[in-house]
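Below, read A as the first sequence line, B as the second, and so on, with proteins coming before strands; counting in each chain starts at 1. Everything numeric here is computed off the predicted structure, so don't read it as measured data.
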Protein chains: 6
Amino acid sequence: MKKVAAFGELMLRLNPDGYLRLTQASDLHMSFAGGEANAAVSISNFGTDTVFVTKLPDNDLGKMAVRELRKYGVNGDHIAWGGPRIGIYFVEKGASQRPSRVLYDRGGSSIALARREDFRWEEILEDCGWFHFTGITPALGGECPDICRDALRECKRRGITVSCDLNYRGKLWSRKEAGEVMEGLMEYVDVCIANESDAADVFGISAENSDIVTGELNREGYISVARQLQERFSLKAAAITLRKSFSASVNGWSAMIYTGQEAYFSPEYRVQLVDRVGGGDSFAGALIYAMNSGYGPQHAIDFAAAASCLKQTQEYDFNQATLEEVNSLMKGNASGRVQR
Amino acid sequence: MKKVAAFGELMLRLNPDGYLRLTQASDLHMSFAGGEANAAVSISNFGTDTVFVTKLPDNDLGKMAVRELRKYGVNGDHIAWGGPRIGIYFVEKGASQRPSRVLYDRGGSSIALARREDFRWEEILEDCGWFHFTGITPALGGECPDICRDALRECKRRGITVSCDLNYRGKLWSRKEAGEVMEGLMEYVDVCIANESDAADVFGISAENSDIVTGELNREGYISVARQLQERFSLKAAAITLRKSFSASVNGWSAMIYTGQEAYFSPEYRVQLVDRVGGGDSFAGALIYAMNSGYGPQHAIDFAAAASCLKQTQEYDFNQATLEEVNSLMKGNASGRVQR
Amino acid sequence: MKKVAAFGELMLRLNPDGYLRLTQASDLHMSFAGGEANAAVSISNFGTDTVFVTKLPDNDLGKMAVRELRKYGVNGDHIAWGGPRIGIYFVEKGASQRPSRVLYDRGGSSIALARREDFRWEEILEDCGWFHFTGITPALGGECPDICRDALRECKRRGITVSCDLNYRGKLWSRKEAGEVMEGLMEYVDVCIANESDAADVFGISAENSDIVTGELNREGYISVARQLQERFSLKAAAITLRKSFSASVNGWSAMIYTGQEAYFSPEYRVQLVDRVGGGDSFAGALIYAMNSGYGPQHAIDFAAAASCLKQTQEYDFNQATLEEVNSLMKGNASGRVQR
Amino acid sequence: MKKVAAFGELMLRLNPDGYLRLTQASDLHMSFAGGEANAAVSISNFGTDTVFVTKLPDNDLGKMAVRELRKYGVNGDHIAWGGPRIGIYFVEKGASQRPSRVLYDRGGSSIALARREDFRWEEILEDCGWFHFTGITPALGGECPDICRDALRECKRRGITVSCDLNYRGKLWSRKEAGEVMEGLMEYVDVCIANESDAADVFGISAENSDIVTGELNREGYISVARQLQERFSLKAAAITLRKSFSASVNGWSAMIYTGQEAYFSPEYRVQLVDRVGGGDSFAGALIYAMNSGYGPQHAIDFAAAASCLKQTQEYDFNQATLEEVNSLMKGNASGRVQR
Amino acid sequence: MKKVAAFGELMLRLNPDGYLRLTQASDLHMSFAGGEANAAVSISNFGTDTVFVTKLPDNDLGKMAVRELRKYGVNGDHIAWGGPRIGIYFVEKGASQRPSRVLYDRGGSSIALARREDFRWEEILEDCGWFHFTGITPALGGECPDICRDALRECKRRGITVSCDLNYRGKLWSRKEAGEVMEGLMEYVDVCIANESDAADVFGISAENSDIVTGELNREGYISVARQLQERFSLKAAAITLRKSFSASVNGWSAMIYTGQEAYFSPEYRVQLVDRVGGGDSFAGALIYAMNSGYGPQHAIDFAAAASCLKQTQEYDFNQATLEEVNSLMKGNASGRVQR
Amino acid sequence: MKKVAAFGELMLRLNPDGYLRLTQASDLHMSFAGGEANAAVSISNFGTDTVFVTKLPDNDLGKMAVRELRKYGVNGDHIAWGGPRIGIYFVEKGASQRPSRVLYDRGGSSIALARREDFRWEEILEDCGWFHFTGITPALGGECPDICRDALRECKRRGITVSCDLNYRGKLWSRKEAGEVMEGLMEYVDVCIANESDAADVFGISAENSDIVTGELNREGYISVARQLQERFSLKAAAITLRKSFSASVNGWSAMIYTGQEAYFSPEYRVQLVDRVGGGDSFAGALIYAMNSGYGPQHAIDFAAAASCLKQTQEYDFNQATLEEVNSLMKGNASGRVQR
């Protein structure tokens, strides 16, 4: 299994305890997270060497962020240091009819203001076999799209597999901007991960019979979206996560992967949510781990769906599930019996 | 939208964290609450000027109570100061087959011992368009029924709309006492809010086919109760909340309003309860806000049901839901998808 | 109602708050628990005099353990003091597809290293009418099986009723060891408590049509297991708990008792789990209380099932439910309506 | 060592964490305390059988109160049950120039409303050798002075030694009332405990050269007060605690006892206060333990001063110090070196 | 007493509990603070009507910030809403040789990016008699210096007394920038508050015999600084706080005021620090309250020094001390005796 | 600066919050610590590559322990995995006259039961320039003394500098055992670290005029002890820490180093203790960092004394102080002024 590199923002996450709303809180729990960082921690937890690249301010918060990565064995030696601040986001956990809410305070962060010269990709990507980023990173603006392109070109030069989780964020850029920038980066991408709304938001790719709010979408619809992505960008694989939002407390969760020939669906899990934030990132991380380890498509999608199901039964963004736990669920043990 | 005044007890609420029972607790969370105060905070949060009237002891707890109201923009300038103590209640959150429990320690409070001369209603009610109280306030005994009557007479003089949430509390008075006192106050009331057991407990008004413990009641039964209330007290409207207690963890929640001509039912929400205490009060507050804002009966009952559904997905008595959130749920968005 | 004595390990239980995994925790909640101690606390809470016997280290943790028992009125005067340490276990609460996990650190504890001369059973069992132990205690090894036998012989001499909860723990001994040791102790046992896997693990007694992982078992299967236990060991009664693990969040829970003539089944409760650890022990405690109080078999099994259902809606091992609460649920009030 | 009985109020104590002021708090820590209960816990902790008598409401808070006593081995079998409520007090810890503050909410408690027939002293005091109460108990009013007299008469009949800690509380009664009531009770008292202001407040007994605010008082002044107390009430001993309030963070602490022949002074401790509430009660408890154990006056006063010094280095009212710890400090080991 | 207006930044303050370092923290306590806001809360707590003006983002954090002000009775009706974010700062409490540390994340805040047209000073300052700002506000850059000047000109037009706390922040601007901008604003200032290093940093005004690190400065030195400030800017009064940093745990604290004729010194308090952040702001608030209430200079400086001494014995920036408490300390009662 | 390796136990540390005694606690904070691990974290924090070697159980607690090391950049790749358990200790923080207490539960740990073949020293020590252990490690018994000898022989072979902190623990072995085992290991030691009682306990080396309880020792006494150590074991340097226990709240702290020619004393710090546990280990870590970096003896001892002074102003065992902070204190800035 070759080393995996990931590039993106690493943020301070602050959330009140339990179901408290932000406006009721007097205390906030600190953790660190970010789309690519969440994936990197998952990959490292499963046992593959992982490198995470970002830019962090040279202060206590930056220091804590990198320490948190190191705790999980993720290599942070290529992080650039400097700039004004670490991005922050506040999470308020929903319940029943009340949605979870995320309040971002990420503007003007060190990574958003990073310069191309902050990253020496030739050095960073040495020995790597896989590179991962999400659509959030170019959306940060400034030189970020260029930095992504620098990294991707070096990946191409080295024959490194590239995965991208589209992860459209309407607060960061418009659909039009996203489409233009991402279009230019997709030529380097081998594996694209998305949910249905991502594909529609970024590339205008949609399927019939879908209703995002209720999460109802038939299998054919998903296959249609995946096929369009795969064909348009000559992907090795397109993977789509399928969330059914019954309420803020209970979701249906499954995923599919399309390889150009065939579509493979995972089982669907009915999840009593503990914290759904980071669910998609844990899917990406597990899928990368699985594909990088040579799992076949059905095995890989089953592994990734089980891993990300487990993430959503745990607090905070980082998936703590072990290989053993994911394998157990993947093999059908969902009874939740006490393990003594 | 004219200013709303509310009169009643403001108490210190103490509860252990999560699902801990009181007998297991080593720490208690402080908040402040009370039937009318909860409604007042809701009304103020939605944007209408609100005045809350009570009597509080001149100590740190009284000071904290009024600060908590002010925090939500509720005017506390007419609160009377003095007397021995603030009432306290302890809440223990139930789960599944185990009911939530409320332990009251409200005897001998400053408001229960208040005197008629503590409140200058002529001054307090200046500029107000709506006055709200619940059946708990006269149940406190002493001069409280008289103080209520003083307020109601001034309301009549000024043409202020009066709402009353029956809220029968068997720990405070007998059905007989309640019936006699409330009978005398109802002549001033325009909008009566109740659940089915309230109407039966206070006025002996009941409907066929009802079973309070299981919460099963057909539509006709509710209409029957509301019509009896409306006719007996010449009400502008009678509103009834409909709770189905499937368990301490999951309730069905809906409401209806009867205007003399017709009955309007809200949709029913299946609520994964976070904290159901204050649910009825948040219904009253939202209904008052809606009616005081000129909403039609269907709009008003839908708004009030949605608002009070959201309250029950949040901790503590005060409803933190915003106008925007209530409107979103009222329009059918109950999927609980993350709001980023 | 005659005094009840129980003998076994009393451990320090440490668990993170809420759904945090152990690897995410920075703080742990302390409580004290153990199979027999949990039962003893239940019995004492219901109002019967109870004595608990164990060996504890002469340090602050041992002192805290006995104080916790005394808090619930359990007599700890016959506890032996000395030895190196109190056993510890760490509990991580599961949710949905993620199972709860228990990490034991009980090796080398004072009770595991206790000597026969530490306990003067003639004195301890004076005035007792019932003695309870579980299969965990002989599984601790060393002189523990002999100490159990010492106690059981004194029980026989005095005509004390003996109950044993099989409670097989694969981490402590093999099926073979368990079978040999328990076989020798069962001759003294009057009431045997088990779940289906216990009977199979310890004595190779199984029923058809059972699937432990999914918890599916028909009534006949349970009766078959109970009958085999009853007949093989000439029991007065064999009681079996029936857990259906739908997930780590929701379980079905019921129980049956077989008296040699007939099988009595409790209703099945669908439990939204708060903390299922200690559920079986609270069943044993309630059953002992009921039988020791002279309840008939249907009454006893209904009482024990209701009590242990309530335990699982509460945190930590000790059941806080009162007689009144158990009786209320047993009579069918499972609506979870607020008790004011 | 004969059994000790104590009679008085047992209250719920609520305090914010650390140095938070009550008005800043969102959470409160629960403990249980009271002048005589604090003493009783100390005595029981040191190893003497202790009985505590009070009246508690028959609710969860009453149940928790008695459980807390039982935890420390104090017998609560003679507690009367019933009445409206348990008294509550709120403690806010001071620092430096900011004083600690205690907010009482004790009016209308079950003990304050108790009736003489609630307590069967003949039965309660069987086997007891010492009876303790404080001036707070008669100050609660109602029948409390009479109940005290009932107890004291039974003590006289049985030859039980009686101790009284004057503990004047200006919030509960005037100096005049206190003087009249206490005068009548002192005839039964053998050992009187006071601080200088108590003696002055209750009996108008004062010494020259004293300044309560700064705590400056010469030895002769204290001896003078003690001698007046001893002579006026024919005491076996009068003990006085000497607090020098340098600030809310640092106090000087010592004590003296006068036996009619001679005055014995303890060393003075300079205490970095952790929580000074309950300091005087822990002195009383330790003194009673010491005298009841037959310590001579110098030994007894040294023991009591050391024990109560240690109490003030610990949180909450109950002194957790062990016999061994008190003896170590009494022998001069005040270096605070880590005990491994 | 005329209404007081204050203008400046209102920030989210986050700090770990107790003496934990930021890098050790897993949770942070939320409060809201800012130089002028801290002063405003003090003034309002003492009983004078107070208006606070700032710009806050239209999100939950902005809403919480204004609610916190309203809680203390401060009027927030003139706050401008909009812009990207609220400034944040992290506080780590020092002890002994380890200094407290403040980590600012205030760049790009709504107030720093505010526009002159956001504030209608003619309306805001109606009925006001005093206006307060600090040197931090112009230091935020952008249009902030101009907004200050707009406010000050309106003050001049209306004859409103203006106070300015120099509060030099080297992280925000250079000494040169500060000098130039503040020079231009000082012509409107009547009362200047500073510590010695402020005067030197901003205006190059220094005294002999001073050593900032050890805090040693003789009386003449302070008078010299105050006189230079007073003369250069034709002040009504110049007030200087005198902190002696013995360690991060213990400080000496006093203050002086110079009125052009004479210098008045407060007593010096030796403070065991609970949280010294906000100490200077509470001094400014108390001084403004005192001068606005017509206290003479000795009375005013004594009041302000006592109030700010008490602040430093309390957690967080807002001073919770009441008029009564400040008066008690001012009259010499620093013994810290428990107030019951 | 060459890589540093350290070998010893890594334990789970559990402590109640603040000044709570263990017997009062309901929650415990988790951290990880151990004599050599504490030193390793310090060295890594200062910037030198560090390897830590131990044996940990293959469970969540072992995983957390190594993650905690990795967080601080310490390499844990050579940790042996397996065995029954991680050692645990409970810390109770003292105050004033009440000493801190440490309750060990370390028996039967994975490291105490480790085998010589668990550690391949030839591989572990590659590239290392310094090796550190304490007297606690051989005191764990079993093969631990042999494992230490294996490591030390490999050090000798490679010319690696060896430091040993004597750290006598009377709970683990007798003075006689300690003396015999340590005597055999000292031949490999270059730098010995001790406090005066260590030298006396292990080797019977004492100085005149010393009194351990009060911490009074004159300079000559310390020099005498150091010289005896240096001469007897042909040390390059002997360093001694000098603690004066004024109370559990305030200690004097300084250190000296003797190089065979001369004795160098650090300044003495008067420390308001936050948590003194780990103070000596942080001294060892800082001294090793300094000597390994080529600091002269006066510089090294000053650096180590300042670093360990700062540790004692922080919670838990690991020193969070940065190079910059230590240098600032070492240069005399002990005023504790806020760093903004």
- Message: I'd like to know whether CG of Asp17(A) has more than 12 heavy-atom contacts from other residues, nucleotides or ligands below 6.0 angstrom.
- Response: no
- Message: Tell me every residue that passes side chain to side chain contact (heavy atoms under 4.5 Å, CB included) with Asp49(F), counting only those two or more places apart in sequence or in another chain.
- Response: Lys3(F)
- Results of side-chain hydrogen bond (donor to acceptor under 3.5 Å, both in side chains) for Asp118(A) - residues two or more places apart only: Lys55(A)
- When you measure from the side chain of Ser308(F) to the backbone N and O of Ala304(F), does any donor-acceptor pair fall under 3.5 Å? yes
- Message: Tell me whether Thr54(A) contacts the main-chain N or O of Gly8(A) through its side chain, where contact means a donor paired with an acceptor under 3.5 Å.
- Response: yes
- Note on the structure: All heavy atoms of Val271(A) vs all of Gln312(A), minimum pair found to be CG1-CB, 4.1 Å
- Message: Heavy atom to heavy atom, less than 4.5 Å: which residues from residues 63-85 of chain F reach chain A?
- Response: Lys63(F), Arg67(F), Arg70(F), Lys71(F), Tyr72(F), Gly73(F)
- Is a side-chain N or O of Glu36(A) found less than 3.5 angstrom from the main chain of His132(A), in a donor-acceptor match? no
- Check Thr48(A) against Lys2(A) and note the closest heavy-atom contact, atom names and distance. CG2-O, 3.5 Å
- Query: If we only count heavy atoms from C-beta on, is the Leu28(A) to Leu22(A) side-chain gap below 4.5 Å?
  - Reply: yes
- Item | Residues of residues 318-327 of chain A within contact distance of chain F, non-hydrogen under 4.5 Å | Gln320(A), Thr322(A)
